[in-house]
Amino acid sequence: MKSKNKLGIWMDHSIAYIMEFTSNPFEIKTIESKVSPPKKMEISVISENLMLSKEQKQLFIYYKKLSQVIKGYKRVLLFGPTNAKVELFDILSEDESFVNIKIEIKETDKMTANQKDDFVKSYFSKE
């Protein structure tokens, strides 16, 4: 399988927007996590530890899906407003499968689709 070059992922804990850097117009794909804020009734019925464990499992599945996408690239830019990108980076750093992939992290605010597209183009065009 031929390795692709560059990938930008804007992410938070609920959704990731995946943009491959090519000369063609960007096609944005999404991966959603199943993490959702608990309802008031759930908080009183379910212990806090159980809710935290459920959320961690959901995040692990979300990060696993993203890691499968990242495996086919040489350079990856993780960006977004939360620490989800750092959590994913930490997971990837512990896996030898990602040792030859250059993964970079940038802090950004929430962005429109066009802003995400421009950010990835600008970042990878500097080379």
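The first residue of the sequence shown is numbered 1, and numbering continues consecutively from there.
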query: Which residues satisfy the side chain to side chain contact (heavy atoms under 4.5 Å, CB included) test with Q115, sequence neighbours excluded?
result: M111, T112
Which atom pair, heavy atoms only, marks the closest approach of [X] to [Y]?
| X | Y | value |
| --- | --- | --- |
| S125 | F21 | OG-CZ, 3.8 Å |
| M11 | T82 | O-OG1, 4.1 Å |
| K106 | F119 | CB-CZ, 4.0 Å |

message: Please determine whether residues I9 and I61 belong to a single hydrophobic cluster, defined as Ile, Leu, Val, Met, Phe, Trp and Tyr linked transitively by side-chain heavy-atom distances below 4.5 Å.
response: no
field: Same apolar cluster (I L V M F W Y, side chains within < 4.5 Å links), F60/L78
entry: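 F60 and L78: separate clusters.
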Nearest-0.5 Å distance that lies between atom [atom1] in [X] and atom [atom2] in [Y]:
| X | Y | atom1 | atom2 | result |
| --- | --- | --- | --- | --- |
| K85 | I103 | NZ | CD1 | 14.5 Å |
| H13 | E32 | NE2 | CD | 15.5 Å |
| N83 | F89 | CG | CZ | 14.0 Å |
| I28 | D117 | CD1 | CG | 6.0 Å |
| K6 | L77 | NZ | CG | 11.5 Å |
| I18 | Y73 | CD1 | OH | 8.5 Å |

message: Please enumerate all residues that pass ring-ring contact (aromatic ring centres under 6.0 Å, His included) together with Y17, with sequence neighbours excluded.
response: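 With sequence neighbours excluded, Y17 shows a ring-ring contact (aromatic ring centres under 6.0 Å, His included) to W10, given in chain and number order.
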field: ring-ring contact (aromatic ring centres under 6.0 Å, His included) partners of F98, counting only residues at least two apart
entry: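 Once residues adjacent in sequence are excluded, F98 has no partner under the ring-ring contact (aromatic ring centres under 6.0 Å, His included) criterion.
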field: Side chain T108, main chain G80, donor-acceptor under 3.5 Å
entry: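 Judged by distance alone, yes, a pair lies under 3.5 Å.
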- request: Walk me through it: do I70 and L88 pass the test side chain to side chain contact (heavy atoms under 4.5 Å, CB included)?
  value: CA-CA 11 Å; I70 290 169; L88 175 60; 4.0 Å; yes
Partners meeting side-chain hydrogen bond (donor to acceptor under 3.5 Å, both in side chains) with D12 (sequence neighbours left out): S14
- request: Could you list the residues that satisfy side-chain hydrogen bond (donor to acceptor under 3.5 Å, both in side chains) with Y63, not counting sequence neighbours?
  value: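 Applying side-chain hydrogen bond (donor to acceptor under 3.5 Å, both in side chains) to Y63 gives E87.
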- request: Please determine if E20 and K29 form a salt bridge, counting it only when a charged side-chain N lies under 4.0 Å from a carboxylate O.
  value: no
field: Pairs where residues 89-98 contributes a residue and the test side chain to side chain donor-acceptor pair (under 3.5 Å) is met, not counting sequence neighbours
entry: D95-S97
